[in-house]
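One structure is given here, and the rest of the page talks about it.
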Amino acid sequence: MIKSNKNRSLLLVAALLASPLNPAFAEEGVCMPFGEAQTNPTDVPTLQHGAKLYFNYCASCHSIQYMRYSRLAKDLNLTEAQVMDNFGYTDAKFGEYITNNMPKGGRGNAPGSADWFGQTPPDLSVTARSRGTDWIYNYLMSFYPDPSKAVGWNNVTYPNAAMPNPLWELQGLQAYAEPAHEAHAAGGSSDEHEGGACSPAAFKLTTTGLRTPQQYNEDIQALTSFLEYVGEPAITQRESMGVWVLVYLAGLTFLLWLLKNEFWKDVH
């Protein structure tokens, strides 16, 4: 068990070190029609709402295997009973990592996610670190029905995604206007970021969901905030600790300045 935990820790460190310093610009040419994500990974109610959405709509396929239920309870101000009653969908114990029960499948194994979706759904522990919160937000906002695809859905931010929209009941169904390729052929500008194919105007809600567009946008912001927190759990304490570190450094600088004056006062 100790060896397993050590391996998990080494994998997490390696993933964080491999993450780009500015993931928002890691993938050039990616269409992000809904702009920047307005996340708040230090707001506990926002994280609680995001956690509820994750466990209700994402946890059946995606794991966050570097996060423990106990750490989640501590950071989100929840009791053990609240966490395990509402989020404990597997037989994992309170102190164990958050995984799922979906079989992976693949060649030579019993049917599983690799057979159903074409690949195993990725773990989401460090997705916010590797792709950026803007990517997650736009990805979850940019699904649209596409009968030509095997899963019946497509995505503007991540074309040909191997998953359907898990939140379609909340969002409703939206149509997407394909880019005008004639403008490119004629040498014209597609103006993609101002009313073109890569803008909110390219989407039209055809069937309303359980949430209004504004409410759904808030839901996705909360879910994105939760995944940002999962990628760096210390973020909930980092800012408050940073203030005290700065106060300490300011006090130390003042004391060193007094000490310097005392040492040099007789030097001419």
Side-chain angles (χ1 to χ4, degrees), residues 23-24 30-62 64 67 72-73 75-78 82-83 85-89 98 100 121 124 127-128 131-146 151-159 161 163-177 193-233 235-236:
V30 174
C31 177
M32 297 194 182
F34 296 93
E36 296 181 359
Q38 305 299 319
T39 58
N40 192 353
T42 61
D43 182 67
V44 172
T46 297
L47 294 181
Q48 290 176 345
H49 183 49
K52 181 180 72 173
L53 291 170
Y54 166 79
F55 282 99
N56 283 333
Y57 294 96
C58 308
S60 59
C61 296
H62 298 277
I64 43 177
M67 173 64 66
L72 198 66
D75 292 340
L76 273 59
N77 294 338
L78 300 173
Q82 288 175 322
V83 168
D85 289 345
N86 294 285
F87 302 153
Y89 296 152
I98 301 173
N100 59 46
L124 301 181
T127 301
R131 290 188 178 271
T133 54
D134 293 345
W135 187 94
I136 295 175
Y137 168 65
N138 280 273
Y139 175 66
L140 294 174
M141 293 287 291
S142 299
F143 278 99
Y144 64 95
D146 186 349
V151 295
W153 293 84
N154 207 336
N155 191 284
V156 172
T157 298
Y158 191 48
M163 63 174 278
N165 182 8
L167 301 167
W168 72 269
E169 289 184 316
L170 301 181
Q171 183 186 26
L173 303 180
Q174 60 181 3
Y176 170 66
H193 296 283
E194 295 184 9
C198 194
S199 75
F203 295 88
K204 181 180 180 181
L205 194 65
T206 57
T207 303
T208 58
L210 299 177
R211 306 282 280 173
T212 66
Q214 180 179 354
Q215 289 173 333
Y216 182 73
N217 180 70
E218 294 172 354
D219 290 340
I220 300 305
Q221 300 283 12
L223 179 54
T224 304
S225 296
F226 175 72
L227 292 177
E228 183 178 6
Y229 149 75
V230 168
E232 187 182 0
I235 199 171
T236 55

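Residue numbers run from 1 in the order of the sequence given.
- Interatomic distance, Leu167 CG to Cys58 SG, rounded to the nearest 0.5 Å: 6.0 Å.
- In this structure, CG in Leu72 is found 10.0 Å from OH in Tyr54, a value given to the nearest 0.5 Å.
- The salt bridge (Lys or Arg N to Asp or Glu O under 4.0 Å) contacts involving residues 218-231 comprise Arg211-Asp219, where partners must be two or more places apart or lie in separate chains.
- Scanning for side-chain hydrogen bond (donor to acceptor under 3.5 Å, both in side chains) contacts around Ser225 gives an empty result, with sequence neighbours left out.
- For the residue pair His62 and Met163, the shortest heavy atom distance occurs at NE2-SD, 4.2 Å.
- By the side-chain contact (heavy atoms from CB on, under 4.5 Å) test, Trp168 is found to be paired with Trp153, Asn165, Leu173, residues two or more places apart in sequence or in another chain being considered.
- The ring pair (Phe, Tyr, Trp, His ring centres under 6.0 Å) search around Tyr137 returns none, not counting sequence neighbours.
- Remark: Asn86 pairs with Gln82 by the side-chain contact (heavy atoms from CB on, under 4.5 Å) rule, at least two apart or across chains.
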* Can you list the steps and then say if Leu205 with Tyr216 is a side-chain contact (heavy atoms from CB on, under 4.5 Å)? -> CA-CA 12 Å; Leu205 194 65; Tyr216 182 73; over 6 Å; no
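- By the ring pair (Phe, Tyr, Trp, His ring centres under 6.0 Å) test, Tyr139 is found to be paired with Trp135, Phe143, residues two or more places apart in sequence or in another chain being considered.
- The two residues Pro41 and Leu47 make their nearest non-hydrogen contact at O-CD1, 3.3 Å.
- A pairwise comparison of heavy atoms in Tyr57 and Pro166 identifies CD2-O, 3.3 Å as the closest pair.
- Scanning for side-chain hydrogen bond (donor to acceptor under 3.5 Å, both in side chains) contacts around Asp75 gives Arg71, Tyr229, Gln237, with sequence neighbours left out.
- Residues Pro233 and Met67 meet the side-chain proximity criterion, which asks for heavy atoms closer than 4.5 Å.
- A donor-acceptor distance shorter than 3.5 angstrom exists from the side chain of Gln48 to the backbone of Leu76, with no hydrogens or angles considered.
- Taking the side-chain contact (heavy atoms from CB on, under 4.5 Å) definition, one finds that Thr212 meets it with Gln214, Gln215, sequence neighbours left out.
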* Derivation of the side-chain contact (heavy atoms from CB on, under 4.5 Å) call for Met141 and Asn217 -> CA-CA 8 Å; Met141 293 287 291; Asn217 180 70; 4.0 Å; yes
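- Between Glu232 atom CD and Ile235 atom CD1 the span is 5.0 Å, to the nearest 0.5 Å.
- The shortest non-hydrogen separation linking Ala128 to Leu227 is CB-O, 3.6 Å.
- Take Asn77 and apply the side-chain hydrogen bond (donor to acceptor under 3.5 Å, both in side chains) test, not counting sequence neighbours, and it matches no residue.
- Residues satisfying the side-chain hydrogen bond (donor to acceptor under 3.5 Å, both in side chains) criterion with Gln38, sequence neighbours excluded, are absent altogether.
- Applying the 6.0 Å contact sphere to CD of Glu36 captures no more than 12 heavy atoms from other residues, nucleotides or ligands.
- With sequence neighbours excluded, the residues satisfying ring pair (Phe, Tyr, Trp, His ring centres under 6.0 Å) with Phe87 are Phe55.
- Annotation: side chain of Tyr158 is not in contact with side chain of Ser142 (no heavy-atom distance under 4.5 Å).
- Looking at Ile98 and Tyr89, their side chains never come closer than 4.5 Å, going by heavy atoms from C-beta outward.
- When all heavy atoms of Pro33 and Thr157 are compared, the closest pair comes out as CD-OG1, 3.9 Å.
- In this structure, the side chain of Asn138 engages the main chain of Asp134 through a donor-acceptor pair within 3.5 Å.
- The OG1 atom of Thr46 sits 5.0 Å away from the CG atom of Asn40 when rounded to the nearest 0.5 Å.
- The side-chain contact (heavy atoms from CB on, under 4.5 Å) check on Leu140 picks up Ile136, Ile220, Leu223, with sequence neighbours excluded.
- Of all non-hydrogen atoms in Cys31 and Val156, the two that sit nearest each other are SG-CG1, 3.1 Å.
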